Amino acid sequence: MLALKITSSFRIYHSIQELPAGWDDLASGNIFLSATYLKVLELSAPKNMTCFFIGVFDNEYLVGIALSQFLDLSEVKSFGERDNCIKTKIRSYVFRNFASNVLILGNNMLTGQNTFRFKNTFSPTEGVGVLSNALEVIKRKLAKNGHKVHLTIWKDFPQSELEYFNKSAFKNYFRFSTQPNMVFHIRENWKSETDYISDLNKKYRDQYKRARKKSEGISKRKLSLEEIAEQNPKIYELYNTVAKNAPFNTFYLSENHFITLKEVLKDKFLFYGYFQDDNLVGFDTLIKNGESTDTYFLGYDENEQREKMLYLNMLYNMIGYSIKKSFKQVIFARTALEIKSSVGAKPVYLFGLIKHSNSFINYFMPRLFVFFEPEMKWQERHPFKD
């Protein structure tokens, strides 16, 4: 019996200048795997992040592309200041001392399957196996530079793609699911924000009216590249206000990140500033991604947020823009599940795989994961008449 010749291989790239021809053809439909977006990461990734771009080949033909990121959590000054409790302190201690070097297949800055793409004629299961081998090579390269990887994580996959991981290479991984991706689906009969409001039931129409009434005195406008650069110190201050109040941070954006996004993505990246008396008090961002708009990072002054219901108004504005421009959905990502649900977003559950390099610690991974990431209790809202 003849042995099956393995023809699949991989190559690891450190710059978009090295990417092979055909990369963007495979990325088509997902801007977050395109060379253009990867250039943003190359120029302005968080300081504690190193990116690797992986090409999968079959008989020297490019059949798959993927993104991997290495995070050095020892460089993160604060994992978040919102929850000052014993569990948070224990988690910070554990991550700094036993899990500070993290290798991810996927994009830790986003929610969703922005991890890999394969040609339709190529087996995803085989492709995942090739990517697993690529991660081992990356681990060896990192170890030579003094960064032994503690945690290996694959993120974020829908239930339908978990079958790709039913192979021996993943038997020691713990499968997990955390907060869902909140996705707002735009109905075909909606042509304007007014159509959306008309489909809300009375309770949530009143919520909409109350939020809009509260926001009086706040003006919103789209910022150009020059205006983003001019306002950048204040923008970063507002971003940090939100970031530091997150329950857990594994990175902080570089100070030039929004400027780089606008320079590189141009009209695919939208930056809206919220002003009171010509003072910037908040901002939100959107990235156009095929038939979807993806909400990106935002920031606001805490006092103005409470007084003017800024965050809720931002959600309504993102919905209004996406309806007006005939997008099919808005990706609201994780966190703030109930308020996103109150405007009509629905939960889409995603899954990941995680493994610790220490076999003893890895044996207890199911218990450790549940301890540090307990299931979040939240109530889904139903804002529409039907």
Side-chain angles (χ1 to χ4, degrees), residues 10-13 15-16 18-45 49 51-57 61-69 104-125 127-128 130-131 134 153-162 164-165 180-186 257 260-262 264-270 285-297 318 321-322 325-334 345 348-352:
F10 62 85
R11 293 171 196 162
I12 299 166
Y13 308 98
S15 168
I16 65 159
E18 304 169 354
L19 298 183
W23 183 284
D24 276 350
D25 293 334
L26 281 173
S28 178
N30 188 347
I31 193 173
F32 298 117
L33 283 172
S34 70
T36 304
Y37 173 78
L38 298 182
K39 182 178 180 180
V40 174
L41 294 183
E42 185 177 340
L43 295 174
S44 67
M49 177 184 289
C51 294
F52 303 92
F53 316 129
I54 307 170
V56 177
F57 295 83
Y61 291 100
L62 183 69
V63 293
I65 58 175
L67 170 65
S68 179
Q69 294 172 337
I104 297 170
L105 195 79
N107 192 330
N108 198 48
M109 301 169 68
L110 301 168
T111 301
Q113 213 285 47
N114 302 296
T115 304
F116 54 65
R117 279 284 186 91
F118 299 112
K119 272 195 171 183
N120 293 334
T121 55
F122 187 72
S123 163
T125 302
V128 163
V130 175
L131 291 176
I153 301 173
W154 297 61
K155 69 179 290 282
D156 287 312
F157 303 99
Q159 178 82 45
S160 60
E161 294 186 359
L162 287 180
Y164 304 158
F165 302 93
N181 186 11
M182 299 301 289
V183 179
F184 181 89
H185 299 284
I186 296 173
H257 188 69
T260 303
L261 268 169
K262 193 62 179 174
V264 176
L265 295 189
K266 297 182 170 48
D267 65 344
K268 295 287 186 182
F269 174 64
L270 304 175
T285 57
L286 282 173
I287 294 178
K288 301 176 187 178
N289 187 17
E291 296 181 333
S292 304
T293 53
D294 280 60
T295 61
Y296 203 56
F297 293 92
M318 294 171 186
Y321 171 84
S322 301
K325 297 299 183 180
S326 301
F327 287 94
K328 291 190 176 180
Q329 60 183 10
V330 184
I331 309 300
F332 279 128
R334 294 189 171 97
V348 176
Y349 288 90
L350 299 170
F351 301 85

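Scope of the values below: all heavy atoms of this structure, side chains included, with no hydrogens, waters or symmetry mates. Computed from a predicted model, the values in this text were never measured in an experiment.
- A 4.5 Å side-chain heavy-atom check between Tyr349 and Gln159 finds every atom pair outside the cut-off.
- A distance-only check finds a donor-acceptor pair linking the side chain of Arg117 to the backbone of Ser28 [under 3.5 Å].
- The distance from the OH atom of Tyr37 to the CD1 atom of Ile287 is 6.0 Å, given to the nearest 0.5 Å.
- One finds the NZ atom of Lys288 at 10.0 Å from the OG atom of Ser322 (value rounded to the nearest 0.5 Å).
- Side chains of Phe53 and Ile65 form no contact here, defined as non-hydrogen atoms less than 4.5 Å apart.
- The closest side-chain heavy-atom distance from Asn107 to Gln69 is below 4.5 Å.
- Partner of Leu67 under the side chain to side chain contact (heavy atoms under 4.5 Å, CB included) criterion, out of Ile104, Leu41, Leu105, Leu110: Leu41 alone.
- A distance of 12.0 Å separates NZ of Lys266 from CG of Leu261, quoted to the nearest 0.5 Å.
- Between Tyr164 and Phe157 the shortest side-chain heavy-atom distance does not fall below 4.5 Å.
- In this structure the side chain of Met109 reaches within 4.5 angstrom of the side chain of Met49, judged on heavy atoms.
- Side chains of Thr121 and Val63 form no contact here, defined as non-hydrogen atoms less than 4.5 Å apart.
- Taken from NZ in Lys39 to CG in Leu265, the straight-line distance is 10.5 Å, to the nearest 0.5 Å.
- Taking 4.5 Å as the limit, some side-chain heavy atom of Asp156 sits within range of a side-chain heavy atom of Arg334.
- Between the side chain of Thr260 and the main chain of Val40, no donor-acceptor pair closer than 3.5 Å is present.
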